[in-house]
A.B. asks: 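Can you read through this structure? Questions will come right after.
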Number of protein chains: 2
Amino acid sequence: MNLKNPARQAPITTADKIFETMQHEIVEGEILAGSKISEPELAKKYQVSRSTLREALNRLEKCHLIERKANVGSRVVECSVQGLLEIYQVREALEGMACRLAAQNMQDDEIAELQQVLNAHGNDQQLKDGIAYYQEEGDLDFHYRVILGSHNEQLIKILCGELYHLVRMYRCQFGMNSPRATRAYDEHKAIMYAISDRDGELAEMLMRRHIAASRKNIENKLEKESE
Amino acid sequence: MNLKNPARQAPITTADKIFETMQHEIVEGEILAGSKISEPELAKKYQVSRSTLREALNRLEKCHLIERKANVGSRVVECSVQGLLEIYQVREALEGMACRLAAQNMQDDEIAELQQVLNAHGNDQQLKDGIAYYQEEGDLDFHYRVILGSHNEQLIKILCGELYHLVRMYRCQFGMNSPRATRAYDEHKAIMYAISDRDGELAEMLMRRHIAASRKNIENKLEKESE
DNA sequence: TGTCGATAAATTGTCGACACTTTGAATTTA
DNA sequence: TAAATTCAAAGTGTCGACAATTTATCGACA
């Protein structure tokens with residue numbers, strides 16, 4: 001993951017480390033979606049006290065990866081088609097706005113960097129079809145930079161901090177690594193042009209269509225699989 | 001507060017109660033914005049252990065009312081004009097989408113209830129100018145019902161659970177109880193018609209303009225005050 | 001006088017133990 | 001047999017104490 005978030009600091013406390021470990025395991029599906037979380041069991045597994053584990057659970061809840069009920073306990077969230085639809089609708093709204101703001105607020109050098117990211121991605125064209133990983137990295141990196149370009153701290157916090165890993169979880173567990181490779185790349189370019197033209201209205205619309213198309217693509221794939 | 005959120009349960013644990021108490025005090029400004037939070041001090045004040053207090057702090061952080069740094073501690077968030085702008089941009093995006101989805105997904109009886117809420121609000125017309133409280137209640141209630149009408153759990157969680165009290169905090173601390181009373185009421189009606197016409201596109205646009213207008217109104221007021 | 005460094009005080013992070021609630025199985029009762 | 005009740009086991013919530021880190025205080029030195 002090359003996405004350096006300037007806002008986020010390296011893990012300091014042991015609770016931070018447990019949080020990152022569990023986050024990874026949930027996203028990748030090593031801890032199964034929908035499964036119950038036993039505090040004593042996991043505390044023993046990671047060799048920490050329950051207090052520390054609970055601190056980690058609180059952060060997992062903050063990024064919507066687990067849900068807690070009083071006096072009952074925690075469960076990993078389920079991955080449903082409905083849930084996928086819902087989170088893409090939220091992304092469409094928020095990243096659309098982020099893109100509009102990016103067109104208003106990005107510095108010229110930030111836009112230059114965004115362009116470089118796309119170029120580097122374009123040069124990997126030959127790799128793209130074979131190795132899906134780079135495609136996903138490139139996609140995430142692009143979206144990430146646009147969000148940061150909004151210069152809206154609240155928006156950045158919600159998208160990069162609280163929703164980002166849930167999106168990754170859906171990508172992992174529904175096995176969609178390289179959706180619409182060349183098409184998505186061209187859409188990214190169109191968005192970049194709109195931003196560098198400072199056309200916020202168009203930038204927002206293009207980003208919304210881009211995310212909506214990505215969602216429909218996934219839904220189609222899931223329908224096929226279920227036939 | 002008459003807004004019954006079917007999703008939210010009554011406070012069960014003592015941490016729940018401390019959370020609600022502190023939430024209220026932060027929103028109302030009894031605990032000052034930007035102030036440092038001392039865990040030992042507050043634990044003594046509320047007569048609970050630090051573990052319980054920290055549990056409450058975690059929930060306050062979830063709804064963006066405090067911010068924590070590792071090994072340093074917690075601070076209540078600041079209320080800046082920039083912050084106000086940012087949160088209204090987020091609202092514009094999310095509530096706009098919620099409104100579009102509400103036009104798609106609300107049941108007929110839900111729409112009927114929404115209409116009743118507006119009618120009841122209209123009958124309080126005579127109270128409106130004098131007693132700002134009802135206006136605010138009515139405004140919040142309307143927005144609340146539209147959000148619930150989206151039937152998007154993720155959206156509801158973010159808007160009603162995580163952002164709602166921060167919005168209230170800004171309203172309280174910048175002292176804007178009854179903004180644009182009659183104008184806002186008419187805008188609500190227009191939104192309601194768009195929803196009952198099942199015109200999602202228009203409903204979204206009207207809600208976005210409604211929130212943007214509310215933001216501009218506040219900004220104008222703040223500018224005047226600073227003169 | 002002002003800056004730097006060391007020590008002391010205060011604060012946060014982590015731990016293990018106990019209290020309370022929920023869950024499920026065994027027993028009783030209709 | 002099925003439903004309700006009781007009781008035990010497991011799990012979560014809360015507590016006070018200790019460890020690690022940060023912050024404040026004081027003195028040495030340029």
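Chain A is the first sequence line, chain B the second, and so forth, proteins listed ahead of strands; every chain is numbered from 1. Quick note: numbers below take in every heavy atom, side chains included, and nothing from hydrogens, waters or symmetry partners.
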A.B. asks: A:Glu41 has an atom CD; how far is it from atom C1' of D:dT12, in whole Å?
C.D. replies: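 Spelled out: CD on A:Glu41 to C1' on D:dT12 is 15 Å.
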A.B. asks: Can you find a side chain N or O atom of A:Thr14 that sits less than 4.0 Å from OP1 or OP2 on C:dT14?
C.D. replies: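 Yes, because at least one side-chain N or O of A:Thr14 sits under 4.0 Å from OP1 or OP2 of C:dT14.
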A.B. asks: Could you check how far CD of B:Gln47 sits from P of D:dT14, rounded to whole Å?
C.D. replies: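 Computing the B:Gln47:CD to D:dT14:P distance gives 15 Å.
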A.B. asks: Once the angle between the rings of B:His143 and B:His210 is folded into 0 to 90°, is it parallel (under 30°), tilted (30 to 60°) or perpendicular (over 60°)?
C.D. replies: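 The rings of B:His143 and B:His210 lie parallel, inter-plane angle below 30°.
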A.B. asks: Starting from P on C:dG13, measure out to CD1 on A:Ile18 and report it in whole angstrom.
C.D. replies: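 Taking atom P of C:dG13 as the reference, CD1 of A:Ile18 is at 15 Å.
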A.B. asks: Students often get this wrong, so: under 4.0 angstrom with heavy atoms, is B:Ile37 touching a base, only sugar-phosphate, or nothing?
C.D. replies: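 Since only primed, P, OP1 and OP2 atoms lie under 4.0 Å of B:Ile37, the category is sugar-phosphate.
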A.B. asks: Would you please test B:His64 and B:His165 for ring-ring contact (aromatic ring centres under 6.0 Å, His included) and show each step?
C.D. replies: CA-CA 8 Å; B:His64 302 214; B:His165 294 285; over 10 Å; no
A.B. asks: Between C1' on D:dG13 and NZ on B:Lys17, what's the gap in Å once rounded to a whole number?
C.D. replies: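 About 12 Å, once rounded to whole Å.
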A.B. asks: Could you give the OH-to-P distance, from B:Tyr46 to D:dT14, as a whole number of Å?
C.D. replies: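 The answer, rounded to whole Å, is 16 Å.
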A.B. asks: Counting only side-chain nitrogens and oxygens, does A:Lys36 get under 4.0 Å of the OP1 or OP2 atom of C:dT23?
C.D. replies: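 Looking at the OP1 and OP2 atoms of C:dT23, neither is under 4.0 Å from any side-chain N or O of A:Lys36.
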A.B. asks: From the list C:dT14, D:dC15, C:dT22, which nucleotide is the closest neighbour of the side chain of A:Asn71?
C.D. replies: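 When the side chain of A:Asn71 is considered, C:dT22 is the closest of C:dT14, D:dC15, C:dT22.
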A.B. asks: For DNA chain C, what residues of residues 50-58 of chain B have any heavy atom nearer than 4.0 Å?
C.D. replies: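 Per residue number, the list reads B:Arg50, B:Arg54.
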A.B. asks: Quick one about B:Asp16 and B:Thr13 (side-chain donor to acceptor, distance below 3.5 Å, no hydrogens or angles considered), yes or no?
C.D. replies: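 B:Asp16 and B:Thr13 do have a side-chain donor-acceptor pair below 3.5 Å.
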A.B. asks: Could you check how far NZ of A:Lys69 sits from P of C:dC20, rounded to whole Å?
C.D. replies: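 So the NZ-P distance, A:Lys69 to C:dC20, works out to 24 Å.
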A.B. asks: Would you give the length of the straight line joining atom CG of A:Leu155 to atom CD of A:Glu153, rounded to the nearest 0.5 angstrom?
C.D. replies: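 A:Leu155 CG to A:Glu153 CD: 10.0 Å, rounded to 0.5 Å.
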A.B. asks: Nearest whole Å is fine: how far is C:dT21 C1' from B:Asp16 CG?
C.D. replies: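 Interatomic distance, CG of B:Asp16 to C1' of C:dT21: 14 Å.
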A.B. asks: From C-beta outward on A:Pro40, which listed nucleotide comes closest to its side chain: C:dT14, D:dT12, D:dC15?
C.D. replies: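 Closest nucleotide to the A:Pro40 side chain: D:dT12.
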A.B. asks: A:Ile12 CD1 to C:dT11 P: how many Å, rounded?
C.D. replies: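 Going from CD1 in A:Ile12 over to P in C:dT11 covers 21 Å.
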A.B. asks: About how many Å separate NZ of B:Lys157 and CD of A:Glu162, when rounded to the nearest 0.5 Å?
C.D. replies: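 Spacing of CD (A:Glu162) from NZ (B:Lys157) equals 10.0 Å.
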A.B. asks: Which nucleotide wins on minimum distance to the side chain of A:Glu39, given the candidates D:dT23, C:dT11, D:dT12?
C.D. replies: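 Ranking D:dT23, C:dT11, D:dT12 by closest atom to the A:Glu39 side chain puts D:dT12 first.
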A.B. asks: Using the rule salt bridge (Lys or Arg N to Asp or Glu O under 4.0 Å), only one of A:Lys221, A:Lys216, A:Arg215 pairs with A:Glu219; which is it?
C.D. replies: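 Exactly one option meets the salt bridge (Lys or Arg N to Asp or Glu O under 4.0 Å) with A:Glu219, and it is A:Arg215.
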A.B. asks: Might you work through the side-chain contact (heavy atoms from CB on, under 4.5 Å) test for A:Ile156 and A:Ser150, ending with a clear yes or no?
C.D. replies: CA-CA 8 Å; A:Ile156 294 169; A:Ser150 74; 4.1 Å; yes
A.B. asks: Between C:dC15, C:dG13, D:dT12, which nucleotide gets closest to the side-chain atoms of B:Arg68?
C.D. replies: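 Of the candidates, C:dG13 comes closest.
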A.B. asks: Closest-nucleotide mapping onto DNA chain C: is A:Val72 or B:Gly73 further toward the 5' terminus? I mean the 5' end.
C.D. replies: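 It is B:Gly73 whose nearest nucleotide is closer to the 5' end.
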